[in-house]
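Here is the structure we will look at, set down as C-alpha cells.
This is a predicted model, so every value here is computed, not measured.
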Amino acid sequence: LQLLLDLGFIVITAAIFAFLGKLIRMRSIVGYVLAGMLLGPVLQLVEIDASLATISELGIALLLFLVGLELSLEKVKDLGRVALVLGGLQVLLTAAGGFTLAQLLGFSAMEALSLAATTAFSSTVVVIKLLDQKGAMNRLYARISVALFLAQDIIVIAGLTILSGLGSGEPIAISLLARNLLQAFAGMVLILVVVLVAAKYLLPKPFAWAARSPDTVFIWALCWCFLIVLLAHQFHLSVEIGAFLAGIAIAQLPIHEDLHRRLHPLMTFFIAVFLVTLGIKMELSDFASIWPAALAISGFVLLLKPVIVFSILARMRFSQYTAFQAAVATGQVSEFAFILLALGATTGLIEGHIVSLGGLVGMTTIAVSSYLILHSEALYRI
C-alpha cells in the first residue's frame, strides 16, 4: 500500500510539474527533479525505500536499453570519424577542465573526478527532442551532434563498467582493484561479442516472426533485455551495462525503430520516477553551501564546453555555422551524469552533497541550454 501511495504522489506531482514546465518551456527533466524536491525535502511526503529504489533502477536500465537501440552499426559507420575524434577530444578536454575547476573550488580528488564526469557529457534525450522540435534533425550540425552523443554514450558505459569494478567503494589493495576492473571490462567485451553474434545469427528470424504481433515483439524485446541483464549480473556488471548491450543487439535488426517507439512511453514513466527520486534524495540544506560551486560549474558547462566543441570542429574544417550550432547543442549536463553520481554515492565514493551539487548543475544547464538551442539561429546572427 505504501508503495502505491508513494507512486501516486510521484506520478501526480511529476504530471503537474511537467504541465507547468510546458507553459514556460522548461524541460521535463528539470520539472521531475523539482517535483522530487517538493515531495521529499520540502513536504516530506515520500521517503526512498527498497521498492522505490528498485523501480528507479529499472528506469535507468530501460533508458540505457533505448540508448543501445540507437547504436546501429550503420550509424557508427556513417559518422565514425566525427564520433571518434570529436567525442574523444571533447570528453577528454571537458573532463580535464571540469576536474581543474573542481580542484580550484576546493573539492577532493574523487569529488573533482565525479564532477568532471558530470560536465563531460551532454543530454542525448533533451537535445534530440529540441532539434526534432526545430525540424533540424536532417541538418549537418544535428548529425554531428548525434555522432558526438553516441561517442559519449559509449564512454558512459565504460564509466559504469569502472564503477562496477570498484565494487563497494571500500579501501582495497591496488592489485585487487586492478583485477576487478580487468574482470569488469573483460565481462563487458565478452557480452558485447555474444550480443553481436546473436544479432547476426540468432535474433533476426525469431524477431521477424514476432514482428507480426506488436504485443509479442514488445514482450520479446523486454525478455531479451532482462536475459542479458542476468548475464551481466553473472559477471558482476551493473544492470545498466546489461541493458545497454541488449539494446545494441536489437539495434542491428530491421525492427529497432518500431521497437523504440513502442518502448518509449514505458521508459518515460520509469525515468520520470528515477528523476523524481533523485530530487527526493536532495538535501535543501546543502544548497546554501553549494550554490557558488554550482554557479561556477554551470557557467563552465554553458560557456566553455561549447567553446571546446566549436574549436575542435573548426580544426576539423567544418563551417563556422555548423560548428557553432553543434557547439550550442552540447551546453548542458546529461541525464547519465545523474546516474553516474547516484552510483558513485551508492558505492561510497562520493558524499550526498556532491549528488545535490550535480543535480543543481544539471537542472540549471538543461533549463538554460534549452532556450539557447531553440534560439540558436538568432544567437548565431548576433
Side-chain angles (χ1 to χ4, degrees), residues 25 27 29 67 70-98 100-101 116-156 251 257 297-337 361-362 364-382:
R25 292 191 175 184
R27 304 314 301 168
I29 290 177
V67 170
E70 293 286 344
L71 199 59
S72 69
L73 296 181
E74 288 300 319
K75 285 185 178 180
V76 177
K77 186 191 301 182
D78 293 342
L79 304 169
R81 177 177 172 271
V82 174
L84 182 64
V85 176
L86 177 59
L89 286 176
Q90 179 269 313
V91 170
L92 181 63
L93 294 175
T94 306
T100 303
L101 175 60
T118 300
T119 64
F121 306 110
S122 304
S123 175
T124 306
V125 174
V126 170
V127 175
I128 288 180
K129 282 185 177 180
L130 289 171
L131 292 177
D132 185 58
Q133 183 178 334
K134 290 176 63 177
M137 283 304 296
N138 292 325
R139 304 290 295 274
L140 176 59
Y141 71 83
R143 296 180 67 244
I144 291 173
S145 299
V146 171
L148 173 59
F149 297 150
L150 290 177
Q152 288 182 354
D153 293 340
I154 294 172
I155 296 171
V156 166
E257 292 185 358
I297 296 173
S298 297
F300 173 82
V301 172
L302 286 164
L303 299 175
L304 294 184
K305 182 178 174 182
V307 168
I308 291 171
V309 174
F310 179 87
S311 302
I312 296 171
L313 288 173
R315 292 298 298 269
M316 294 177 72
R317 305 295 178 87
F318 287 100
S319 69
Q320 286 189 348
Y321 173 82
T322 298
F324 180 87
Q325 296 293 339
V328 170
T330 64
Q332 75 288 126
V333 163
S334 171
E335 56 276 359
F336 293 140
V361 171
T364 303
T365 56
I366 289 173
V368 174
S369 71
S370 296
Y371 294 102
L372 298 180
I373 292 171
L374 288 173
H375 301 288
S376 60
E377 300 290 341
L379 281 175
Y380 178 74
R381 289 194 294 270
I382 293 171

>> If I take atom CG from residue Leu89 and atom CZ from residue Arg315, how far apart are they, to the nearest 0.5 angstrom?
In response: 10.5 Å

> If you measure from CD on Gln325 to CD1 on Ile373, what distance do you get to the nearest 0.5 Å?
Replying inline: 10.0 Å

>> Minimum heavy-atom separation for Gln320 and Phe310, please, with both atom names.
In response: O-CE1, 3.7 Å

>> Going by side chain to side chain contact (heavy atoms under 4.5 Å, CB included), Leu313 matches just one of Ile144, Val85, Leu148. Which one?
In response: Ile144

> Under 3.5 Å, is there a donor-acceptor pair between the side chain of Gln332 and the main chain of Ala329?
Replying inline: yes

> How would you list, by chain and number, every residue that makes a ring-ring contact (aromatic ring centres under 6.0 Å, His included) with Phe300, sequence neighbours excluded?
Replying inline: none

>> side chain to side chain contact (heavy atoms under 4.5 Å, CB included), that's the test. Do Val333 and Ser123 meet it? Break it down for me.
In response: CA-CA 6 Å; Val333 163; Ser123 175; over 6 Å; no

> Between Ile297 and Leu101, which heavy-atom pair has the shortest distance, and what is it?
Replying inline: CA-CD2, 4.0 Å

> What's the shortest heavy-atom distance between Ala151 and Gly87, and which atoms?
Replying inline: CB-CA, 3.8 Å

>> Per the side chain to side chain donor-acceptor pair (under 3.5 Å) rule, what does the pair list look like for residues 300-314, sequence neighbours excluded?
In response: Ser122-Lys305

>> Please find the pair of heavy atoms, one from Ala147 and one from Val82, that lie closest to each other, and give the distance.
In response: CB-CG1, 4.2 Å

>> Can a donor-acceptor pair be found, under 3.5 Å and without considering hydrogens, that links the side chain of Ser370 to the backbone of Ile366?
In response: yes

> Quick one: CG on Leu302 to OG1 on Thr119, what's the gap to the nearest 0.5 Å?
Replying inline: 12.0 Å

> Mind checking whether Val328 and Pro306 have side chains closer than 4.5 Å, heavy atoms only?
Replying inline: no

>> Taking Thr322's backbone N and O only, do any of them form a donor-acceptor pair with Ser319's side chain (distance below 3.5 Å, no angle check)?
In response: yes

> Where is the tightest heavy-atom contact between Phe324 and Ser376, given as atom of each residue plus distance?
Replying inline: CE2-O, 3.7 Å

>> In the structure I gave you, are the side-chain heavy atoms of Phe318 and Tyr141 within less than 4.5 Å of one another anywhere?
In response: no

> Is there side-chain contact between Phe121 and Ile155, with at least one heavy-atom pair below 4.5 Å?
Replying inline: yes

> Of all residues at least two apart in sequence or in a different chain, which pass the side chain to side chain donor-acceptor pair (under 3.5 Å) check with Thr94?
Replying inline: Gln90

> Are there more than 12 heavy atoms of other residues, nucleotides or ligands under 6.0 Å from atom CD of Glu377?
Replying inline: yes

>> Please give me the minimum heavy-atom distance between Ala326 and Ser145, naming the atom from each residue.
In response: CA-OG, 3.9 Å

